[in-house]
Participant: 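One structure follows; several queries about it will come next.
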Protein chains: 2
Amino acid sequence: MEKQTVTIYDVAREAAVSMATVSRVVNGNPNVKPATRKKVLAVIERLDYRPNAVARGLASKRSTTVGVIIPDVTNIYFASLARGIDDIAMMYKYNIILTNSDDAGEQEVNVLNTLMAKQVDGVIFMGNHIDDKLRAEFKRAKAPVVLAGTVDPQGDTPSVNIDYAAAVEEAVTNLIQRGHKKIALALGPLSQSINAEYRLTGYKRALNKAKLPYDDKLIYEAGYSYDAGTKLQPVIADSGATAVFVGDDEMAAGIINASIESGVSVPDDLEVITSNDTIVTQITRPAITSITQPLYDIGAVAMRMLTKLMNDKELDEKTVTLPYGIVRRASTKSAE
Amino acid sequence: MEKQTVTIYDVAREAAVSMATVSRVVNGNPNVKPATRKKVLAVIERLDYRPNAVARGLASKRSTTVGVIIPDVTNIYFASLARGIDDIAMMYKYNIILTNSDDAGEQEVNVLNTLMAKQVDGVIFMGNHIDDKLRAEFKRAKAPVVLAGTVDPQGDTPSVNIDYAAAVEEAVTNLIQRGHKKIALALGPLSQSINAEYRLTGYKRALNKAKLPYDDKLIYEAGYSYDAGTKLQPVIADSGATAVFVGDDEMAAGIINASIESGVSVPDDLEVITSNDTIVTQITRPAITSITQPLYDIGAVAMRMLTKLMNDKELDEKTVTLPYGIVRRASTKSAE
DNA sequence: CTGAAAGCGCTAACAC
DNA sequence: GTGTTAGCGCTTTCAG
């Protein structure tokens with residue numbers, strides 16, 4: 001009971017025109033007499049003809065699909081970017097091939113290659129770290145690549161981000177102004193440049209400006225998860241820190257809940273500021289003060305840039321920096 | 001500076017064999033003498049040849065990509081399913097074209113059509129409701145469709161779910177056994193069969209078994225969000241209900257936080273049970289008792305079923321029901 | 001075990 | 001405006 005597929009040829013025959021003409025009306029080419037267009041459209045309707053995108057892709061060398069590499073769809077931060085990406089893609093009639101990479105370099109390279117094999121017209125890459133191998137693959141790829149919510153210190157690849165260093169600097173400066181001397185920094189792996197080169201830099205700058213000493217015992221490396229946060233909390237408590245900047249919302253939630261359960265008051269004994277302003281920051285009690293990022297827009301802007309690149313247009317700026325904010329909630333004390 | 005693409009023809013020429021032979025070695029067809037295979041492989045390596053999946057798709061009529069329709073990637077429940085889907089897909093060498101539908105019927109139909117145009121070999125559909133229009137499209141589609149975490153009361157389409165009615169019945173029965181007489185039910189739109197036909201049914205069955213009266217004033221319809229929960233809470237409080245079953249974790253979190261902030265103690269004044277056991281249930285204080293669902297597996301099993309269908313194999317069962325559980329947390333009192 | 005050749009369904013010059 | 005004609009890069013009979 002295989003369903004019969006009707007092709008452009010069938011339409012051409014029934015409408016008594018050539019394939020070329022049918023192709024023209026399907027693609028909205030203006031060089032068709034209204035009468036013929038109407039006739040063809042009628043046949044298309046009657047036969048319920050749907051163009052085969054694969055054939056079209058082979059002939060035109062454009063697949064109207066873009067690859068999206070994401071560490072894990074289940075991560076709300078990246079999923080939010082993905083939503084922005086998909087909405088804009090859809091607006092421009094592109095589809096998204098979405099693949100999870102688990103942030104693993106090898107997997108990222110693999111995935112990139114299968115995407116190229118599928119002839120995607122471009123790719124949007126999200127990840128926590130970019131190494132030389134990956135950078136080389138990006139260059140080698142015959143389709144443009146844009147980074148979303150992902151930093152590359154080398155800056156070769158077009159990207160959309162906020163100024164992570166400045167955001168952390170501002171948050172930590174806030175903390176310092178409220179009198180804190182020992183401020184902990186809880187990050188994901190320091191092997192990732194977002195942590196080692198951006199967040200840490202912002203933290204150091206804030207300390208520096210205030211002439212506070214830098215103590216690497218206050219820097220903590222943990223996983224991006226709630227459990228990582230609960231495990232880290234006692235260590236932070238032991239350090240004597242009275243405030244902590246956290247690189248991930250779930251981790252921050254873990255730190256807060258573990259603090260309270262062990263009798264450490266937030267914000268009285270420990271102020272907490274986190275990074276991504278996901279829904280988690282509103283659910284905890286106290287709710288968490290956070291850097292705010294235009295997550296959806298980061299994805300959306302990245303996709304817009306990609307459409308330009310796919311059409312061989314110039315980019316106004318290669319490295320786009322979107323504005324961030326800081327939203328105060330109950331995990332920090334009010335300013336003096 | 002267009003990158004030159006090397007084709008199967010180039011490989012054939014360089015290896016002094018026919019395209020057919022190259023095709024055979026690329027596809028692992030055993031009918032190739034080891035020596036020739038080796039020779040071809042060497043050339044492939046040297047030329048850095050990568051098969052063009054689009055051309056392959058056109059010739060073979062299999063794109064090795066499946067479409068995934070999801071209400072919103074940003075929704076952790078569906079994203080978890082998507083992760084299971086992608087992992088299994090990858091295992092079977094399929095890629096995923098992911099599209100957001102916002103649960104909107106029209107958009108779902110559109111998206112399904114563009115997926116078919118892209119010649120996907122199958123599609124996995126996730127959504128909160130299936131209407132006749134959609135059902136008709138599923139039938140009309142020339143590629144198989146499997147529902148994941150999505151019920152269709154008609155049961156025509158293969159699907160993977162838990163027994164939502166039984167789960168709610170068990171949860172509510174629990175509540176009843178602890179002495180509750182007025183148990184509220186907070187659901188998403190009753191226009192969706194998951195709510196109107198499954199959860200509500202389970203709720204009624206529990207009441208019935210316990211010979212408790214059914215009062216439709218205790219049934220609340222709200223959005224799947226934290227804010228919807230905070231807005232709903234005062235209404236529930238006014239109703240005099242001493243317990244509530246909630247259909248969405250974020251909504252439950254909203255109810256809990258709003259309760260506590262308005263002086264209603266959870267679980268003493270109001271016991272709360274929710275549905276999806278997402279990370280949210282662990283972050284609130286009190287943490288939320290929940291039905292547990294094998295989210296990842298629902299996606300994974302759905303994808304496994306789809307691979308069978310795509311290879312014209314029979315399904316052992318068309319409607320798969322995976323086991324659920326109930327995990328007790330602090331939002332409910334311990335059993336007597 | 002290998003090759004020749006005919007498409008897959010569509011686009012894109014190029015004529016007319 | 002419209003038709004003709006090559007392919008796009010690969011799979012797949014069908015011979016041999």
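These figures come from a predicted structure and were not determined experimentally. So that the names make sense, note that chain A is the first sequence line, chain B the second, and so on, each numbered from 1.
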Participant: Using the side chain to side chain donor-acceptor pair (under 3.5 Å) definition, which of the options Asn95(B), Asn52(B), Thr65(B) pairs with Lys118(A)?
Facilitator: Asn95(B)
Participant: By nearest nucleotide on DNA chain C, pick out whichever of Val6(A) and Met19(B) is the more 5' one.
Facilitator: Met19(B)
Participant: Are Arg56(B) and dT11(D) close enough that a side-chain N or O sits under 4.0 Å from OP1 or OP2?
Facilitator: yes
Participant: Run Asp103(A) and Glu108(A) through side-chain contact (heavy atoms from CB on, under 4.5 Å) and show every step you take.
Facilitator: CA-CA 7 Å; Asp103(A) 246 330; Glu108(A) 288 168 338; 3.8 Å; yes
Participant: Counting the atoms with a prime plus P, OP1 and OP2 as sugar-phosphate, which does Ser23(B) contact under 4.0 Å by heavy atoms, base, sugar-phosphate, or nothing?
Facilitator: base
Participant: What is the separation between atom NZ on Lys33(B) and atom C1' on dG3(C), rounded to the nearest whole Å?
Facilitator: 14 Å
Participant: Any chance CD of Glu314(A) has more than 12 other-residue heavy atoms, nucleotides or ligands included, within less than 6.0 Å?
Facilitator: no
Participant: Write down the atom of Ala148(A), the atom of Ile298(A), and the distance for their closest heavy-atom approach.
Facilitator: C-CG2, 4.2 Å
Participant: Between dA13(C) atom P and Asn31(A) atom CG, what is the distance in whole Å?
Facilitator: 14 Å
Participant: Given dG9(D), is OP1 or OP2 found less than 4.0 Å from the side-chain N or O atoms of Lys61(A)?
Facilitator: yes
Participant: Can you identify which nucleotide, out of dC10(C), dA12(C), dG9(D), has its nearest atom closest to the Ala20(A) side chain?
Facilitator: dA12(C)
Participant: With respect to the side chain of Arg24(B), which nucleotide from dA13(C), dT13(D), dG9(C) is positioned closest?
Facilitator: dT13(D)
Participant: More 5' along DNA chain C: Ala16(B) or Ser60(B), using each one's nearest nucleotide?
Facilitator: Ala16(B)
Participant: At 4.0 Å (heavy atoms only), tell me whether Asn52(A) reaches a base, stays on the sugar-phosphate, or touches nothing.
Facilitator: sugar-phosphate
Participant: So, does Tyr49(A) get its side chain near the phosphate of dC10(C), meaning an N or O under 4.0 Å from OP1 or OP2?
Facilitator: yes
Participant: Using a strict cut-off of less than 4.0 Å between a Lys/Arg side-chain nitrogen and an Asp/Glu carboxylate oxygen, indicate whether Asp316(B) and Lys308(B) qualify as a salt bridge.
Facilitator: yes
Participant: Taking only the side-chain nitrogens and oxygens of Thr7(A), find out if one of them lies under 4.0 Å from OP1 or OP2 of dG9(C).
Facilitator: no
Participant: Taking any heavy-atom pair under 4.0 Å as a contact, classify Val17(B): base, sugar-phosphate, or nothing.
Facilitator: sugar-phosphate
Participant: Give a yes/no on whether any side-chain N or O of Ser18(B) is located under 4.0 angstrom from OP1 or OP2 of dA4(C).
Facilitator: no
Participant: In whole angstrom, give the distance that lies between atom CZ of Arg62(A) and atom C1' of dT11(C).
Facilitator: 12 Å
